[in-house]
Participant: 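Here's a structure for you.
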Amino acid sequence: MLDKRYDPKKVEEGKYEFWKKEGYFTAGDLSKEPFTMVIPPPNVTGKLHLGHAWNTTVQDITARYKKLTGYDVLWLPGMDHAGIATQAKVEEKLRKEGVSRYDLGREGFLAKAWEWKVEYAKNIHEQWAKMGLALDYTRERFTLDERLSNAVKHVFKTLYDKGLIYRGERIINYDPELRTALSNIEVVYEDTKGKFYYFRYPIVGSNEYLIVATTRPETMFGDVAVFVNPNDKRYKHLIGKKVINPANEEPLPIMGDEYVDIEFGTGAMKCTPAHDPNDFALSEKYNLPRIKCMDLDAKMNDICGPFKGMDRYECREKLVEKITKDGRTEKIEDIVHPVGHSERSGTVVEPYLSKQWFVRMRPLAEQALAKSTVNFVPERFNHTFRQWMENVDDWCISRQLWWGHRIPAYYNKLTGEVLVSEEEIKDPNYVQDEDVLDTWFSSALWPFATLGWPEKTPDFKRYFPNSLLVTAYDIIFFWVSRMIFDSLEFTGESPFKDCLIHGLIRDSQGRKMSKSLGNGIDPLDVIDKYGVDALRYFLTTGSAPGQDIRYIDEKVAASSNYLNKIWNSARYVLDVIGEDFKRVTIDFNKVKPVEKDILSKLNKTIKVVKAAMEKYEYSLASTHLYNFVYDDFCSSYLEMSKVTLQGDDEEYKGIVKTILVDILKNIIIMIYPFAPFIGEELYQALPEHKKSIMLETYPEVKALKLSKEDENDLENVEMLYKMIQDIRNYKVSNKLAPNYKLRFIIETSNKLFDEFSVYLGRFSFAKELLIASKASSKGIKYVYNNATLFIEDDISDEEKEAKKAKDIAFLEAEIKRGEMMLNNPNFVSKAPKEKVDLERKKLEDNKAKLAQIK
RNA sequence: GGGCACUUAGCUCAGUUGGGAGAGCGUUUCCUUCACACGGAAGAGGUCACAGGUUCGAUCCCUGUAGCGCCCACCA
């Protein structure tokens with residue numbers, strides 16, 4: 001006997017260990033078709049949040065569903081070393097201990113980082129277990145594994161040899177706090193309050209000034225020219241002359257280029273090639289020098305005179321003071337403008353001239369655009385992907401960090417010759433590049449490198465390309481697109497068939513969850529409160545694909561209540577069938593109408609649920625199942641079945657019991673991918689079961705051929721339910737207790753009512769229930785298709801008239817609607833025949849009903 | 001500047017081949033009857049943002065408008 005209340009903690013106990021121990025998560029059944037997913041590897045930086053919970057639940061539902069529908073499912077787990085993020089965390093920890101990474105040196109620091117990794121990997125494993133994820137741990141990978149490392153080197157070398165990786169001096173985004181270069185997408189632009197400084201640049205050989213505006217005065221030490229638009233009548237004559245840089249009194253040429261926007265600022269722009277990408281482009285065009293005025297820690301360098309050694313912001317302040325004192329400040333405006341911040345450290349990114357490694361994106365992007373067969377779900381994200389690919393810049397992949405894949409490039413100390421090699425070069429004349437690769441360089445190989453590529457391993461041959469990748473939309477640029485172009489370049493195939501995109505999880509007010517707001521929710525707290533199944537159900541239902549969701553505590557509670565409903569319906573069914581349950585054969589054509597009805601509804605439910613599951617429409621699938629569980633099963637059929645079970649038809653009881661168990665089993669299996677713990681628990685409680693629900697097969701849609709009589713029976717069952725509802729409604733609206741005994745008369749020639757009267761008797765608490773082929777009664781009248789119900793009580797004429805008027809009005813409106821449609825020749829000729837027939841029947845029925853009422 | 005979503009019951013949201021709109025929570029009335037009071041029964045509550053168009057028929061398709069949000073983009 002099950003407990004009265006579903007207790008998640010008790011239900012969850014031991015199940016994950018059981019599944020794991022039995023090897024149910026391990027792929028390799030060669031008799032089946034493979035279905036592969038790789039987990040988006042979480043960063044080994046900390047705890048998993050609700051976003052991870054959502055992402056992994058979607059995958060777990062898929063894995064469990066696919067397994068039950070006959071696939072050899074491989075869901076490969078792993079984690080990401082997350083170069084910048086992890087290094088920043090480890091450094092922060094060291095800082096608290098009063099140590100810097102430079103104190104430890106590269107080797108020492110890496111040892112600390114690995115310690116960190118081991119600790120956090122343990123956390124992550126525990127959380128995966130809590131979530132119940134069906135991961136194949138025998139194939140777990142880490143992005144910094146040696147195997148992955150070999151793939152990384154191979155890719156680097158190959159791209160280098162093809163000229164698709166190059167080393168060059170360009171303006172990159174520099175994070176002065178973490179002291180590393182960043183790629184373009186690691187820069188987040190935020191509208192930031194700043195100032196627009198207008199300075200007077202004295203024109204050489206004249207008493208006039210040229211007013212130049214800038215937001216970053218500290219970069220003036222790196223200025224090499226002032227540009228104006230040659231079409232600008234105000235300044236045209238100045239081109240070729242010189243101005244004095246108010247920061248350092250150096251002369252600067254005034255040059256003309258149409259790049260300059262006449263309308264913006266003063267129409268005169270300072271040019272700082274070493275600190276601005278656009279200015280860098282101008283320097284290429286006009287062969288201008290590139291002067292750096294900052295060091296790698298964003299402090300002013302040697303050329304800045306008295307400002308040397310100052311932080312960039314301190315310098316800005318002091319320099320403005322100086323220029324103002326010199327009488328060369330025209331004005332200072334407050335402005336709000338987009339400023340790039342480091343995604344990881346939050347620091348303002350400094351565009352900085354630096355020698356870095358880049359991936360030449362154009363050829364890879366074009367190939368990806370031409371050959372990708374990835375099917376995005378929802379489809380619109382394909383557009384997002386393509387658009388980014390069409391506009392992508394070269395990818396800066398070198399990072400001045402230690403935690404990561406070291407760049408396999410070696411420099412000859414004497415000649416400076418560059419050697420890129422997969423094998424370590426031990427020649428003392430060569431030194432390896434100090435930098436490591438962007439984390440995403442290795443994550444991009446995840447779908448195939450985890451399977452053993454570049455070796456042609458059995459796993460690679462069998463499980464690649466992957467079937468599905470599940471991720472949030474914010475990661476399309478970082479990861480999805482890069483997997484696609486690398487996969488096409490190196491395997492010749494798209495990395496996965498489908499790419500399911502979900503949204504982000506927000507707090508109850510729709511705000512992003514963040515540390516600074518303190519509005520983050522720990523999945524473990526939710527699990528503790530409501531159970532993991534309730535959390536999983538909440539995360540994957542009630543939302544549309546690709547949309548964000550809000551975390552709402554009450555909704556998780558509601559999910560838990562739903563699971564409790566299933567639990568209790570199971571409790572009832574198991575109780576009622578008894579210990580000695582014996583299955584009997586069910587012949588659909590021989591069961592009573594209410595059984596026919598529920599079996600037919602179950603079949604329809606399996607059909608729509610399955611169709612939705614196949615399309616990864618988990619929210620829709622759960623809705624269909626929910627409606628079946630609540631309305632069709634619990635509220636309707638379960639109650640009906642009590643009539644038989646409490647009666648004395650022993651033979652038919654056996655049929656009803658078998659049907660109840662079958663329905664229950666189907667419900668359990670369909671809810672199981674969403675709620676695997678309660679699914680397994682209830683499954684184990686069934687009278688007939690395998691060792692685990694994981695060995696079950698998903699319900700099949702039966703080919704029920706409904707005869708005309710069957711259809712008729714189903715229609716009559718609907719009427720029965722409606723009649724019960726009408727009677728209950730009558731009682732409530734007349735303030736009668738539900739068990740108040742009334743007298744009912746049903747006028748009908750419908751033979752089924754001999755059977756239905758039993759049900760009606762039970763649910764209406766009839767004082768007396770008469771079935772007659774012809775009745776005359778003064779009771780209140782409810783008209784159905786081939787029956788009329790009279791409820792007799794001390795019913796006033798007023799009441800009866802009111803009800804009659806209401807019914808007549810309703811029917812007349814319906815008839816009018818039907819007639820309008822059917823009198824429209826276009827409707828009759830153009831609408832589908834079934835629809836027209838349906839409307840005809842409705843109209844006839846309504847007319848008959850109206851005649852009955854009047 | 002370009003792109004993408006969203007606007008449906010008081011609140012949070014579903015609604016997939018266009019054919020009288022649903023759920024959860026809240027709310028009203030009633031019910032501790034033998035699965036479940038973390039429950040049950042019966043209700044109330046919606047010109048599906050607005051304006052056009054296509055169609056026999058539009059919450060759904062098309063165009064435009066408004067509001068809100070996200071992503072991308074070098075305006076110093």
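Note that these values count all heavy atoms, side chains included, but never hydrogens, waters or copies made by symmetry. So that the names make sense, note that chain A is the first sequence line, chain B the second, and so on, each numbered from 1.
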Participant: Using a 4.0 Å heavy-atom cut-off, does F765(A) contact any base of the nucleic acid, only the sugar-phosphate backbone, or nothing at all?
Facilitator: base
Participant: Under 4.0 angstrom, heavy atoms only, what part of the nucleic acid is L574(A) near: base, sugar-phosphate, or nothing?
Facilitator: nothing
Participant: So which one's nearest nucleotide on RNA chain B is more toward 5', H383(A) or Y626(A)?
Facilitator: H383(A)
Participant: Flag this pair as yes if the NZ/CZ of K849(A) is under 6.0 angstrom from the six-membered ring centre of F810(A) and inside a 45 degree cone about the axis; otherwise no.
Facilitator: no
Participant: Look at K285(A) together with E258(A) and state whether they make a salt bridge at an N to O cut-off of under 4.0 Å.
Facilitator: no
Participant: In whole Å, what separates the P atom of G1(B) from that of U16(B)?
Facilitator: 34 Å
Participant: With rounding to whole Å, what would you report as the distance between U59(B) and G22(B) at their P atoms?
Facilitator: 14 Å
Participant: If the C1' atom of C61(B) is compared with that of G46(B), how far apart are they to the nearest Å?
Facilitator: 23 Å
Participant: How about Y259(A) and F227(A): are their ring centroids closer than 6.0 Å?
Facilitator: no
Participant: Check this one for me: any side-chain N or O of T384(A) less than 4.0 Å away from OP1 or OP2 of G3(B)?
Facilitator: no
Participant: Could you work out the separation of G19(B) and C60(B) based on their P atoms and round it to a whole Å?
Facilitator: 11 Å
Participant: If you check the P545(A) side chain, which of G43(B), G15(B), G3(B) turns out closest?
Facilitator: G15(B)
Participant: Figure out the CZ/P separation between F376(A) and G3(B), and round it to whole Å.
Facilitator: 20 Å
Participant: Quote, to the nearest angstrom, the P distance that separates C71(B) from A5(B).
Facilitator: 15 Å
Participant: Using 30° and 60° as the class boundaries, would you call the ring planes of Y782(A) and Y730(A) parallel, tilted or perpendicular?
Facilitator: perpendicular
Participant: Indicate, with a heavy-atom threshold strictly under 4.0 Å, whether F381(A) touches base, sugar-phosphate, or nothing.
Facilitator: nothing
Participant: Nearest whole Å is fine: how far is C68(B) P from D548(A) CG?
Facilitator: 18 Å
Participant: Could you tell me whether the phosphate oxygens of C13(B), OP1 or OP2, come under 4.0 Å of any side-chain nitrogen or oxygen in R550(A)?
Facilitator: yes
Participant: Using the P atom in both, what is the distance from C50(B) to U28(B), to the nearest Å?
Facilitator: 30 Å
Participant: Given A35(B), A14(B), A76(B), which nucleotide is nearest the side-chain atoms of C634(A)?
Facilitator: A35(B)
Participant: Have a look at G265(A) and say if it touches a base, only the backbone sugar-phosphate, or nothing, with a 4.0 Å heavy-atom cut-off.
Facilitator: nothing
Participant: Under 3.5 Å, is there a donor-acceptor pair between the side chain of R5(A) and the main chain of N564(A)?
Facilitator: no
Participant: Give the rounded distance in Å between these two atoms: CH2 of W567(A) and C1' of C38(B).
Facilitator: 15 Å
Participant: For U63(B), which nucleotide in any strand shown is its Watson-Crick or wobble partner with both distances under 3.5 Å?
Facilitator: A51(B)
Participant: For P825(A), report the nucleic acid contact type (base, sugar-phosphate, nothing); a contact means any heavy atom under 4.0 Å.
Facilitator: nothing
Participant: Can you identify which nucleotide, out of U12(B), A42(B), U16(B), has its nearest atom closest to the E617(A) side chain?
Facilitator: U16(B)
Participant: By nearest atom, which of the nucleotides A23(B), C30(B), A35(B) is closest to the N568(A) side chain?
Facilitator: A35(B)
Participant: Name the residue closer to the 5' end of RNA chain B, choosing between S569(A) and R728(A) according to the nucleotide with the nearest heavy atom.
Facilitator: S569(A)
Participant: Between K835(A) and G57(B), is there a side-chain N or O to OP1/OP2 distance below 4.0 Å?
Facilitator: no
Participant: Side chain of T215(A): nearest nucleotide among U29(B), A76(B), G15(B)?
Facilitator: A76(B)
Participant: Out of U12(B), A76(B), C4(B), which has the shortest distance to the side chain of T214(A)?
Facilitator: A76(B)
Participant: Under 4.0 Å, heavy atoms only, any strand: does L638(A) hit a base, just the sugar-phosphate, or nothing?
Facilitator: base
Participant: Using the P atoms only, state how far U32(B) lies from A37(B), rounded to an integer number of Å.
Facilitator: 14 Å
Participant: Select base, sugar-phosphate, or nothing to describe what E639(A) touches, counting heavy atoms under 4.0 Å on all strands.
Facilitator: base
Participant: With a non-hydrogen cut-off below 4.0 angstrom, is R5(A) in contact with a base, only sugar-phosphate, or nothing?
Facilitator: base
Participant: What's the OH-C1' distance between Y572(A) and U33(B), to the nearest Å?
Facilitator: 13 Å
Participant: Look through every strand shown and name the nucleotide pairing with C70(B) as Watson-Crick or G-U wobble, where both distances are under 3.5 Å.
Facilitator: G3(B)
Participant: Phosphate oxygens OP1/OP2 of G40(B): is one of them under 4.0 Å from a side-chain N or O of K565(A)?
Facilitator: yes
Participant: Would you mind telling me which of C74(B), G19(B), A14(B) lies closest to the side-chain atoms of Y259(A)?
Facilitator: C74(B)
Participant: State which of U12(B), G19(B), C36(B) makes the closest approach to the side chain of P832(A).
Facilitator: G19(B)
Participant: Taking the six-membered ring for Trp, is the centroid-to-centroid distance between F763(A) and Y759(A) below 6.0 Å?
Facilitator: no
Participant: Considering every strand and a 4.0 Å limit on heavy-atom distances, what is the contact class for K642(A): base, sugar-phosphate, or nothing?
Facilitator: base
Participant: Can you tell me the base-pairing partner of U28(B)? Count Watson-Crick or G-U wobble geometry only, both distances below 3.5 Å, and say none if there is no partner.
Facilitator: A42(B)
Participant: Base, sugar-phosphate alone, or nothing: which one does S543(A) contact when heavy atoms must sit under 4.0 Å apart?
Facilitator: sugar-phosphate
Participant: Is the distance from OP1 or OP2 of G39(B) to the nearest side-chain N or O of N561(A) less than 4.0 Å?
Facilitator: yes
Participant: Under a 4.0 Å threshold between the charged nitrogen and the carboxylate oxygen, would R571(A) count as salt-bridged to D3(A)?
Facilitator: no
Participant: At under 4.0 Å between heavy atoms, what does A558(A) touch on the DNA or RNA strands: base, sugar-phosphate, or nothing?
Facilitator: sugar-phosphate
Participant: Picking from C72(B), A41(B), G43(B), which would you name as closest to the side chain of N729(A)?
Facilitator: G43(B)
Participant: Should the pair E819(A)-K816(A) be classified as a salt bridge under the 4.0 Å nitrogen-to-oxygen rule?
Facilitator: no
Participant: Please name the nucleotide paired to U16(B) by Watson-Crick or G-U wobble geometry with both distances under 3.5 Å, or report none.
Facilitator: none
Participant: Taking only the side-chain heavy atoms of D261(A) (C-beta and beyond), determine which of C71(B), C75(B), A35(B) contains the nearest atom.
Facilitator: C75(B)
Participant: Considering only the C1' atoms, how many Å lie between A9(B) and U47(B), rounded to the nearest integer?
Facilitator: 14 Å
Participant: At under 4.0 Å, does any side-chain N or O of Y473(A) touch on OP1 or OP2 of A5(B)?
Facilitator: no
Participant: Think N826(A) has a side-chain N or O under 4.0 angstrom from the OP1 or OP2 of G57(B)?
Facilitator: no
Participant: Send over the distance from R380(A) CZ to G2(B) P, rounded to a whole Å.
Facilitator: 21 Å
Participant: Separation of D726(A) atom CG from A42(B) atom P, in whole Å?
Facilitator: 10 Å
Participant: Contact class for Y6(A) vs. all strands (heavy atom < 4.0 Å): base, sugar-phosphate, or nothing?
Facilitator: nothing
Participant: Is a donor on one side and an acceptor on the other found under 3.5 Å between the side chain of T219(A) and the backbone of G222(A)?
Facilitator: no
Participant: Is the phosphate of G43(B), meaning OP1 or OP2, less than 4.0 Å from a side-chain N or O of Q725(A)?
Facilitator: yes
Participant: NA contact type, P277(A), heavy-atom cut-off 4.0 Å: base, sugar-phosphate, or nothing?
Facilitator: nothing
Participant: Expressed in angstrom and rounded to an integer, what is the separation of L620(A) atom CG from U17(B) atom P?
Facilitator: 9 Å
Participant: Base, sugar-phosphate, or nothing: which does V260(A) touch, judged by heavy atoms less than 4.0 Å apart?
Facilitator: base
Participant: Atom NZ of residue position K604(A) - does it have more than 12 heavy atoms of other residues, nucleotides or ligands inside 6.0 Å?
Facilitator: no
